Amino acid sequence: MIGISNSKEAAEIITGLLAHPISHSFSPIIHNSAAEFLGINLRYYPFDVAPNKLFDAITGMKALGIKGFNVSIPHKKQATAVVDHLEEEAEITGAVNTIVNNYGVLTGYNTDVIGFSLAAEPYNEIFFGKTAMIIGAGGSASAVVYSLISKFNVQKIYIVNRTLETAHDLVKHYRAVYPEMEFCTIEFNDKTLPDALASSSILVNCTPIGMHPNTQNAPELPYESLNPAAFVFDLVYNPIITLFLKKAEAVGCKTLNGLDMLLYQAAGAFELWTGEKMPVEELRKTLPQLLDLKK
Ligand code: NAP
């Protein structure tokens, strides 16, 4: 039997990802490997859903008794409007990456926030209470902004984005929530960028720049101005060491790729759907091989 049942043995838990495009997603292998490891009868499927079909997909989910979905590019913002309830982090970030179907009542969550927070936590002494610079102003940037303010007490955030208007919109959104926070938006070629970078204790790439197969690309920054004591985090996880991280390492910075965040955000969704903890440590050991990640 497929669908939601009180009996874990009887019902297969169906979950999946709604995104467009979807072919490069690693989420199916993460969730299916976790379910197999724990002996849980769960299957996670990728569904390529066009931007104007999200509502239809969600309606079908209710009718079919599917337990939940992750939502990714380009549905994260739109998903806030198709669920019945928003959990706090989804409401504040204005983005949903996980939906839970509780017998027809849908709740939207944002596990990117906990994903980023847990991944960055071991490095928090470097940037707690200090200044941050974020590259990008999309859905993941919003989750990172919220985490940096609410979990890491960051006092000032620079947002560098290709489209300045999108950065302004993100800042406007967060100024309404945190009027005391200091925000500054900057373009890539702005002459104030070197000083802003030098004053930042954490630098986070929240764009797909440098992602496989475009591994020769990195955000255009004056890397020579980076503070060698800063922590540099790339949300991209394929390749494992991006050009962005290589440039930061050359300056002497501590660096981290997006693999831990990917696992922790998946763990948040997995627990919401199954009530079980994802075996993150076991997955971390085997994932680079499973995913055939390039160095
Ligand atoms: P998104 O909402 O579509 O935002 C993308 C951002 O990247 C926008 O600010 C966009 O700028 C910028 N951008 C895209 N292509 C660019 C280019 N060629 N040059 C300069 N800027 C560019 O996407 P998202 O959900 O935030 O995801 C961003 C990245 O983070 C993706 O690679 C995704 O895989 C990764 N991610 C990783 C995790 C993880 O767990 N590790 C979680 C979430 C996301 P404009 O405003 O100018 O378009």
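Whatever order the structure lists them in is the order used to number ligands and atoms, beginning at 1. Please read these numbers as outputs of a predicted model, since none were measured by experiment. Reckoned from all heavy atoms, side chains included, excluding hydrogens, waters and symmetry mates.
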Protein heavy-atom partner closest to atom 4 (O) of ligand 1 - residue, atom, separation in Å | Gly138 CA, 3.5 Å

Close aromatic pair by centroid cut-off 6.0 Å: Tyr237 and Phe26 = yes

Residue, atom name and distance, where the atom is the protein heavy atom closest to atom 24 (P) of ligand 1 = Ser140 OG, 3.5 Å

Tell me, which protein residue and heavy-atom name are nearest atom 42 (C) of ligand 1, and how many Å apart are they?
-> Met261 CE, 3.7 Å

Heavy-atom nearest neighbour in the protein, as seen from atom 2 (O) of ligand 1, with distance rounded to 0.1 Å | Gly139 N, 2.9 Å

If you count the non-hydrogen atoms of other residues, nucleotides and ligands that lie under 6.0 Å from CD in Glu165, is the total more than 12?
-> no

For atom 34 (O) of ligand 1, which protein heavy atom lies nearest, and how many Å away is it?
-> Met211 SD, 4.3 Å

Would you tell me which option among Leu263, Ile209, Asn257 has the nearest heavy-atom contact to atom 21 (N) of ligand 1?
-> Ile209

Check the angle between the aromatic planes of Tyr223 and Phe244 and answer parallel, tilted or perpendicular using the 30° and 60° thresholds.
-> perpendicular

Flag yes if more than 12 heavy atoms outside Glu88 fall under 6.0 Å of its CD atom; otherwise flag no.
-> no

Establish, yes or no, whether a centroid distance under 6.0 Å links the rings of Phe69 and Phe47.
-> yes

Looking at ligand 1, does Ala137 have a heavy atom less than 4.0 Å from it?
-> yes

Test of ring centre spacing under 6.0 Å for Phe233 and Phe116 = yes

Verify the distance criterion only: is there a donor paired with an acceptor across the side chains of His20 and Asp48 at less than 3.5 Å?
-> yes

Where is the nearest protein heavy atom to atom 45 (P) of ligand 1: which residue, which atom, and how far?
-> Thr163 OG1, 3.5 Å

Relative to atom 31 (C) of ligand 1, which among Ala143, Pro208, Gly258, Ala119 owns the nearest non-hydrogen atom?
-> Pro208

Restricting to heavy atoms, the pick from Val160, Leu235, Asn97, Asn161 nearest atom 35 (C) of ligand 1 would be Leu235

Do Ile159 and Phe152 belong together in a cluster built from hydrophobic side chains that touch within less than 4.5 Å?
-> yes

Nearest protein heavy atom to atom 12 (C) of ligand 1: under 4.0 Å?
-> yes

Answer yes or no: are there more than 12 heavy-atom neighbours, outside Phe188 itself, under 6.0 Å from its atom CZ?
-> yes

Out of Cys206, Ala19, Pro74, Ala167, who gets a non-hydrogen atom closest to atom 6 (C) of ligand 1?
-> Cys206

Considering only non-hydrogen protein atoms, determine which one is nearest to atom 48 (O) of ligand 1 and report residue, atom name and distance to 0.1 Å.
-> Arg162 NH2, 2.9 Å

When distances are taken from atom 3 (O) of ligand 1, the protein heavy atom at minimum range is Ile73 CD1, 4.0 Å

Side chain, backbone, both or neither: the part of Thr207 lying under 4.0 Å from ligand 1 by heavy atom = both

